[in-house]
Amino acid sequence: MSSTPLPGIGVRYDLTTREQRRLSVVAHRDGSRTLSAYGQDDPDACALSVRLSAGEAEALIDALMPAHHSPSLLSTTELGLVAERIGLSATSYWNGRVLGETRMRTETGVSIVAVLRRAEAIPSPGPDFRLAGGDTLIVIGTREGVEAAAEILGRE
């Protein structure tokens with residue numbers, strides 16, 4: 001992958017795939033993206049160009065690399081488990097309360113394996129760990145358990 005500054009426009013990122021196909025993404029200053037694919041016969045001939053809004057680009061990113069799928073997380077889906085990030089809002093009921101009060105494992109069967117707070121990761125938080133609005137909890141469990149945990153943690 002290479003990048004090229006485009007003054008007044010943004011940055012262009014170029015990628016050549018394993019199959020020698022050329023792709024580029026222009027990250028515009030307004031948050032939009034232009035995704036382009038080039039012809040295999042003529043790598044300078046643009047075969048497809050699509051302008052995406054910032055929201056559309058985020059949706060495409062999620063489709064390409066969903067947040068709930070990480071190949072480095074023990075292939076959880078093969079084990080019948082999922083790993084999710086669940087954010088606590090600033091007005092969350094749990095803001096300032098200790099993790100044990102959520103009764104997360106008892107109520108849902110999920111484990112909270114880490115908490116992300118600003119630029120810090122707190123692995124294996126104990127029941128006396130105090131939650132704060134803006135925290136992101138990394139949970140692992142069944143799909144049903146994770147959905148129940150998201151509902152509990154979404155309480156305002």
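Keep in mind it's a predicted model, so treat the numbers as computed, not measured.
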A.B. asks: Between side-chain atoms of residues 120-133 and protein atoms elsewhere (two or more places apart, or another chain), which donor-acceptor pairs fall under 3.5 Å?
C.D. replies:
{"residue": "Arg130", "atom": "NH1", "partner": "Gly96", "partner atom": "O", "Å": "2.5"}

A.B. asks: Taking side-chain hydrogen bond (donor to acceptor under 3.5 Å, both in side chains) as the definition, give me every residue that meets it alongside Thr4, ordered by chain and number, with sequence neighbours left out.
C.D. replies: none
A.B. asks: If the condition is salt bridge (charged side-chain N to carboxylate O under 4.0 Å, His left out), which residues does Arg22 pass it with, not counting sequence neighbours?
C.D. replies: Asp44
A.B. asks: So, does Asn95 use its side chain to make a donor-acceptor pair with the main chain of Ala90 at under 3.5 Å?
C.D. replies: yes
A.B. asks: Go through the structure and list residues passing salt bridge (charged side-chain N to carboxylate O under 4.0 Å, His left out) with Arg21, not counting sequence neighbours.
C.D. replies: none
A.B. asks: Would you say that Val82 contacts Thr142 through its side chain, given a criterion of any heavy-atom pair below 4.5 Å between the two side chains?
C.D. replies: no
A.B. asks: If I take atom CG from residue Leu15 and atom OG from residue Ser24, how far apart are they, to the nearest 0.5 angstrom?
C.D. replies: 9.5 Å
A.B. asks: With sequence neighbours excluded, what pairs up with Asp14 under the side-chain hydrogen bond (donor to acceptor under 3.5 Å, both in side chains) test?
C.D. replies: Arg12
A.B. asks: If the condition is side-chain contact (heavy atoms from CB on, under 4.5 Å), which residues does Tyr93 pass it with, not counting sequence neighbours?
C.D. replies: Arg97, Arg155
A.B. asks: Ser92: what forms a side-chain hydrogen bond (donor to acceptor under 3.5 Å, both in side chains) with it, not counting sequence neighbours?
C.D. replies: none
A.B. asks: What's the shortest heavy-atom distance between Val110 and Ala149, and which atoms?
C.D. replies: CG2-CB, 3.8 Å
A.B. asks: Check salt bridge (charged side-chain N to carboxylate O under 4.0 Å, His left out) between Glu107 and all other residues, then give those that pass, not counting sequence neighbours.
C.D. replies: Arg103
A.B. asks: Could you grab the distance from atom CD1 of Ile140 to atom CG of Leu81, nearest 0.5 Å is fine?
C.D. replies: 7.5 Å
A.B. asks: Who passes side-chain contact (heavy atoms from CB on, under 4.5 Å) against Arg105, sequence neighbours left out?
C.D. replies: Ser111
A.B. asks: Can you list everything that forms a side-chain contact (heavy atoms from CB on, under 4.5 Å) with Ala47? Sequence neighbours excluded, please.
C.D. replies: none
A.B. asks: Taking all atoms of both residues into account, what is the closest heavy-atom pair of Tyr38 and Cys46, and its distance?
C.D. replies: CD2-CA, 3.7 Å
A.B. asks: When rounded to the nearest 0.5 angstrom, what distance separates CH2 in Trp94 from CG in Leu99?
C.D. replies: 9.5 Å
A.B. asks: How would you list, by chain and number, every residue that makes a side-chain contact (heavy atoms from CB on, under 4.5 Å) with Glu56, sequence neighbours excluded?
C.D. replies: Leu52, Ser53
A.B. asks: Name all residues meeting the salt bridge (charged side-chain N to carboxylate O under 4.0 Å, His left out) criterion together with Asp30; count only those two or more places apart in sequence or in a different chain, and write none if there are none.
C.D. replies: Arg51
A.B. asks: How long is the span from the CG atom in Asp135 to the CZ atom in Arg118, to the nearest 0.5 Å?
C.D. replies: 8.0 Å
A.B. asks: So how far is it from Glu147 CD to Arg143 CZ, rounded to the nearest 0.5 Å?
C.D. replies: 5.5 Å
A.B. asks: Given the rule that I, L, V, M, F, W and Y join up when any side-chain heavy atoms are under 4.5 Å apart, are Val25 and Leu6 in one cluster?
C.D. replies: no
A.B. asks: Which atom names give the shortest non-hydrogen contact between Ala57 and Arg33, and what distance separates them?
C.D. replies: CB-CG, 3.7 Å
A.B. asks: What's the spacing between Thr102 OG1 and Leu153 CG if we round to 0.5 Å?
C.D. replies: 6.5 Å
